[in-house]
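Below is one structure, written out as structure tokens; comments come after it.
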Amino acid sequence: AMDKSYVCVFLLLVVISCALAKDTGKKDAKEATAKPKLPQTLSRGLFFSSQKPLMIIHHLEDCPHSQALKKVFAEHKDIQKLAEKFILLNLVYETTDKNLAPDGQYVPRILFIDPSLTVRADITGRYSNRLYAYEPSDIALLYSNMQKALKLLKTEL
């Protein structure tokens with residue numbers, strides 16, 4: 001008789017823990033949509049299963065500069081074609097990872113990261129005070145930087 005009651009208690013615990021897991025799962029999902037958190041290190045993410053470089057675009061939905069850049073980016077046929085060779089990560093929230101803000105937190109900023117998880121601080125825009133900023137008028141420079149990022153990748157891997 002002892003064994004049977006033990007099994008009942010055990011099953012009850014399993015049911016309770018499942019219910020709790022479901023509950024916290026829901027709560028976490030809500031919080032995640034409210035304010036997504038990026039892992040401290042990108043290597044914990046699953047982006048790097050491929051040999052594509054990562055292109056991180058920090059922008060904000062209500063930032064006119066971000067919106068303008070997004071528009072020319074989307075309308076530039078060559079960039080769209082080239083973008084398929086990258087893993088594009090749009091961040092609409094600020095990251096706590098200092099590597100992703102080498103010269104400060106501002107938007108829009110675009111960083112290239114190679115599959116060895118190195119932030120390519122050598123691929124910059126045309127502003128010395130905001131190295132990774134691009135304006136709609138800089139779209140040709142952004143295109144050539146994307147080409148540069150892919151070339152580096154081929155020569156270094």
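Since we're looking at a predicted model, the values are computed, not measured.
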Worksheet, complete the sentence: Distance col, row K52:NZ vs L150:CG, nearest 0.5 angstrom, shows 10.0 Å
Discussion item. I need the I139 CD1 to L69 CG distance, nearest 0.5 Å.
Written reply: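 If I round to the nearest 0.5 Å, the distance is 5.5 Å.
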Item to complete: Only counting residues at least two apart or in another chain, list the ones meeting salt bridge (Lys or Arg N to Asp or Glu O under 4.0 Å) with E135.
Response: none
Worksheet entry | Test side chain to side chain contact (heavy atoms under 4.5 Å, CB included) applied to E61 - qualifying residues, sequence neighbours left out |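 Testing E61 for side chain to side chain contact (heavy atoms under 4.5 Å, CB included), a comparison that skips the adjacent residues, returns H59, Q67, K70, V92.
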Worksheet item: Do R120 and D114 come within less than 4.5 Å of each other through their side chains, counting heavy atoms only?
Response: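 Side-chain contact under 4.5 Å: yes.
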Worksheet item: Does I87 reach the side chain of P53, with side-chain heavy atoms less than 4.5 Å apart?
Response: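 Contact flag for I87/P53 side chains = no.
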Worksheet item: Does anything in residues 75-85 pair up under salt bridge (charged side-chain N to carboxylate O under 4.0 Å, His left out), and if so which pairs, sequence neighbours excluded?
Response: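 Every pair satisfying salt bridge (charged side-chain N to carboxylate O under 4.0 Å, His left out) with a residue in residues 75-85: K71-E75.
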Discussion item. Applying ring-ring contact (aromatic ring centres under 6.0 Å, His included), can you list everything that pairs with F73, at least two apart in sequence or on another chain?
Written reply: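 With neighbours one apart ignored, the set is empty.
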Worksheet item: When hydrophobic residues are tied together by side-chain contacts of less than 4.5 Å, even through go-betweens, does F112 share a cluster with Y127?
Response: no
Discussion item. Hydrophobic cluster membership, with links at side-chain heavy-atom distances under 4.5 Å among I/L/V/M/F/W/Y: are L60 and I57 in one?
Written reply: no
Practice prompt. Start with the C-alpha gap between I110 and I56, add the side-chain angles, then the distance that decides, and say whether side chain to side chain contact (heavy atoms under 4.5 Å, CB included) holds.
Written response: CA-CA 6 Å; I110 299 179; I56 296 192; over 6 Å; no
Discussion item. To check you understand the geometry: which heavy-atom pair defines the closest contact between A74 and Q80, and what is its length?
Written reply: CA-NE2, 3.3 Å
Give the table of side-chain donor-acceptor pairs shorter than 3.5 Å for residues 141-149, with sequence neighbours excluded, one pair per line with atom names and distance.
unit_1	atom_1	unit_2	atom_2	d
S144	OG	L141	O	3.0
N145	ND2	T124	O	2.9
N145	ND2	Y134	OH	2.7

Would you give me the side-chain donor-acceptor pairs under 3.5 Å for residues 102-109, sequence neighbours excluded?
unit_1	atom_1	unit_2	atom_2	d
D103	OD1	Y106	OH	2.9
D103	OD2	Y106	OH	3.2
D103	OD2	L131	N	2.7
Q105	NE2	T95	O	3.3
Y106	OH	L131	N	3.2
Y106	OH	Y132	N	2.9
R109	NE	L100	O	3.1
R109	NH1	E94	OE1	3.3
R109	NH1	Y106	O	2.9
R109	NH2	H58	NE2	3.4
R109	NH2	E94	OE2	3.1
R109	NH2	L100	O	2.8

Discussion item. Can you tell me if H76 has over 12 outside heavy atoms packed within less than 6.0 Å of its NE2?
Written reply: yes
